[in-house]
Amino acid sequence: MNSASSPANPATSAPAQASGLTPPAAVSGPPFSQLPLSEAMQANLRTLGYLAMTPIQAASLPLALAGADLIAQAKTGSGKTVAFGLPALAKLDPRLNVGMPAVQALVLCPTRELADQVTTEIRRLARAEDNIKVVTLCGGSPIRPQLASLEHGAHVVVGTPGRVLDHLARESLNLDALQTLVLDEADRMLDMGFADDIAQVVAHAPKQRQTLLFSATYPEGVDKLARRFMRDPKEVKLTERHDTSRIRQRFYEVKESERLHAVGLLLDHFRPASTIAFCNTKQQCRDLVEVLQAQGIVALELHGDLDQRDRDQVLVRFANGSCSVLVATDVAARGLDISQLEAVINVDITPDPEVHTHRVGRTGRAGESGWAFSLASMDEMGRVGRIDEMQGRASEWHPLSELTPSTEREPLRPPRVTLQILGGRKEKIRPGDVLGALTKDLGFEGAQIGKINVNEFSTYVAVDRAIADKALKGLQGGKVKGKSVKVRAL
Ligand code: ADP
Ligand code: MG
């Protein structure tokens, strides 16, 4: 089994594991039943719990289902995958065959992570029909399983531009029957220098097709890209403000020398279970992680220089509750679908008020309340002024001296610890094998075990901090899937 052809992502298919995706806060738009979709698809949407459309879905689905090219802009977490997934699947003819299923929809994404998220969501939507094959083609993954998987054909391909191009050049992928081309996270693909690759992929696609472009922001480059490849596109832009009513924003004035220390004070005072700290530069990220780690806080850095494996590991640890703070630049965090964020800290004030709104909107999702803290020096007051202007209100200032270390003497600690088992899909390990080893063999309670993520070469299991040592020793001495395994605590 490999990632390219597995029927579902093992990490999300295990019943014991909660999905890492954020459902949008209380969706209350028009019902999906208004749309011209098959009865099977309507039933499937109900099963998935998708009853009302999100604003971007309500605005774009009628146009896209009618066949129009579309430029759609909406913030992260607004449900864009369904907005392009439904039109792509509605047009698809599962029986169209050229000796094997022909590729009728192609979704280009900037990173493997995002491609995996899109694949998972499209597979869920595709359950309405029998046997829709979705294949993921991303760089950084071995090409051989992808080739093997393509030999049997696919209806939908999701991939990164470079790798998709690679397959087109090898002629392992053919787009002659393509009906729908989706450019997802177009702004980020441009940031990552994919413009030429995208152009080359488009050159392999038939002229008669529907092109759907989705983007969180709409800089000039994206506009240019759209004009090159699209026919008379309709535009749907939802730059509406995040629902900030549940987000409590506070500003603190800091001297430059206090800034990084102030982050520790905020964490200690408010003790959020999970936080993203945004910095304007990679260097600032690095410095902050060092300062926080020195205080015993589990903080990890997410930046563009991490290789894919390290990046996956950071995100797994953050999502499974074993890392308190993710320290990131805006570029590194773009497009991430991260749930249950209690706080956002703006370590530096961004020069772009729109980016500020984006950062802050990452907390307070799914009906939960959230904190947004911003640290501003005198030099940054102009930026704060522009933010106030855009938000239409004055920001609320608090003095740093108000932050008192909590009475609990323990430093802020995440509830769980990640154990890494060296062995993954390659060794045919499944989440159930690990859960079984911990509960049946070692006698731990199911509730003490958190998320289990099986990657290609590694398996990550989150366990309660209180049992971490025992679980580690137990796994080291025991067996998973009948074999002894190497395990370490991260
Ligand atoms: P985006 O691509 O805009 O960042 P996603 O497509 O990743 O957003 O969707 C975010 C989350 O919302 C996903 O977990 C998805 O399953 C969920 N979702 C999408 N549409 C709906 C809907 N109409 N009702 C409820 N949940 C939805
Ligand atoms: Mg998306």
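Just follow the structure's listing: the first ligand is 1, and inside any ligand the first atom is 1. Residues take their numbers from the sequence shown, with the count starting at 1.
- The T81 neighbourhood of ligand 1 comprises atoms 2 (O), 5 (P), 6 (O), 7 (O), with distances under 4.0 Å to a heavy atom of that residue.
- For F32, the heavy-atom gap to ligand 1 drops under 4.0 angstrom.
- Of all atoms in ligand 1, numbered sequentially from 1 with element shown, those under 4.0 Å from a heavy atom of E121 are 15 (C), 16 (O).
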**Message:** Run the side-chain contact (heavy atoms from CB on, under 4.5 Å) test on C279 and V327 for me, step by step, so that the C-alpha distance in whole Å, both residues' side-chain angles and the decisive distance to 0.1 Å come before the verdict.
**Reply:** CA-CA 7 Å; C279 300; V327 179; 4.0 Å; yes

**Request:** For E129 and L89, run side-chain contact (heavy atoms from CB on, under 4.5 Å): C-alpha distance rounded to whole Å, both residues' side-chain angles, the deciding distance at 0.1 Å, then the answer.
**Result:** CA-CA 9 Å; E129 282 271 359; L89 291 169; over 6 Å; no

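- Ring geometry for F251 versus H356: interplanar angle under 30°, hence parallel rather than tilted (30 to 60°).
- The environment of CG in D196 is sparse: at most 12 heavy-atom neighbours from other residues, nucleotides or ligands sit within 6.0 Å.
- Each of the atoms 1 (P), 3 (O), 8 (O) of ligand 1 lies under 4.0 Å from some heavy atom of S78.
- Inclusion of G79 in the set of residues having an N or O under 3.5 Å from an N or O of ligand 1 is warranted.
- Between H303 and T329, the side chains place no donor N or O within less than 3.5 Å of an acceptor N or O (distance only, hydrogens not considered).
- Side chain to side chain, D330 and T350 fail the donor-acceptor criterion of an N or O pair below 3.5 Å.
- Under a 4.0 Å criterion applied to the non-hydrogen atoms of K75, ligand 1 contributes the atoms 3 (O).
- In terms of polar-atom proximity, Q117 is not counted as a contact of ligand 1, lacking any N or O under 3.5 Å from an N or O of the ligand.
- Judged by the shortest distance from any of its heavy atoms, A52 lies inside the 4.0 Å radius around the atoms of ligand 1.
- The distance criterion of under 3.5 Å between nitrogen or oxygen atoms is not met by V82 with respect to ligand 1.
- In this structure, a donor-acceptor pair under 3.5 Å is absent between the side chains of R416 and T418.
- The ligand atoms of ligand 1 that sit less than 4.0 angstrom from a heavy atom of R124 are 16 (O).
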